[in-house]
Amino acid sequence: MAFKANIKVTLRPSILDVQGKAAQHALENLGYSSVSSVRIGKYMEVIIGEDSRAEAEKVAIEICQKLLSNPVMEDFTFELEPVN
């Protein structure tokens, strides 16, 4: 069986998001004054071939901690869905 992990990586709230601030400023210049905050992150889809959801979750956590995110500056979340 396989699972698709939909992974989101974002900067921790205490980290200044320079890209987000630039996007917010650009949106304000375009007239979107109602946009009060922009945070920019990464989205990844990873197919994990494990027999159980628990094992796929374990792999997803490990790859996020070891490669896909910087644990000092970023947080990650993910959702698993079965793949046929």
Side-chain angles (χ1 to χ4, degrees):
M1 183 168 203
F3 294 87
K4 182 169 81 172
N6 301 306
I7 301 168
K8 295 178 186 174
V9 177
T10 56
L11 287 171
R12 292 188 170 183
S14 61
I15 303 295
L16 176 63
D17 182 350
V18 176
Q19 281 184 302
K21 285 291 182 192
Q24 179 186 353
H25 185 69
L27 290 169
E28 288 171 355
N29 288 339
L30 290 172
Y32 296 100
S33 59
S34 62
V35 177
S36 60
S37 178
V38 177
R39 301 287 289 178
I40 294 179
K42 300 178 276 187
Y43 172 75
M44 291 156 270
E45 295 180 351
V46 178
I47 304 297
I48 302 170
E50 291 288 349
D51 291 331
S52 71
R53 178 176 287 275
E55 284 298 318
E57 184 174 316
K58 181 180 172 186
V59 170
I61 291 170
E62 286 178 7
I63 63 175
C64 286
Q65 291 174 333
K66 291 181 179 178
L67 180 70
L68 301 179
S69 72
N70 177 344
V72 174
M73 300 174 51
E74 298 173 320
D75 293 323
F76 66 86
T77 60
F78 64 87
E79 296 177 1
L80 290 176
E81 60 184 75
V83 175
N84 295 325

Those residues at least two apart in sequence (or on a different chain) that pass side chain to side chain contact (heavy atoms under 4.5 Å, CB included) with A23 are V38, I40
Rounded to the nearest 0.5 Å, the CG atom of L27 sits from the OG atom of S37 at a distance of 11.0 Å
- Task: Determine whether more than 12 heavy atoms belonging to other residues, nucleotides or ligands lie under 6.0 Å from atom NZ of K42.
- Result: yes
**Asked** Counting only heavy atoms not in E79, do more than 12 sit closer than 6.0 Å to its CD atom?
**Response** no
Result for side-chain contact (heavy atoms from CB on, under 4.5 Å) between F78 and one of I63, V9, I61 points to I61
Has N29 got more than 12 heavy atoms of other residues, nucleotides or ligands less than 6.0 Å from its CG?
yes
- prompt: Is any side-chain heavy atom of V46 closer than 4.5 Å to a side-chain heavy atom of L68?
  reply: yes
So the side-chain hydrogen bond (donor to acceptor under 3.5 Å, both in side chains) pairs with at least one residue in residues 10-20 (sequence neighbours excluded) are R12-D75
### Message
When you group the ILVMFWY residues by side-chain heavy-atom contacts below 4.5 Å and let the links chain together, are Y43 and L80 in the same group?
### Response
no
With a 4.5 Å cut-off on side-chain heavy atoms, are E28 and V35 touching? no
In this structure, NZ of K21 is separated from CZ of R39 (nearest 0.5 Å) by 8.0 Å
Report task. Spell out, yes or no, whether I47 and M1 are grouped together once hydrophobic residues are joined by side-chain heavy atoms under 4.5 Å, including indirect joins. Result -> no
Sorted by chain and residue number, the salt bridge (charged side-chain N to carboxylate O under 4.0 Å, His left out) partners of E50 (sequence neighbours excluded) come out as none
Are L67 and I7 grouped together when hydrophobic residues (ILVMFWY) are joined by side-chain heavy atoms under 4.5 angstrom apart? yes
Heavy-atom nearest pair, P71 first then Q65, reads CG-O, 3.9 Å
Closest non-hydrogen atoms of S69 and C64, given as atom of the first, atom of the second and distance, are OG-O, 2.7 Å
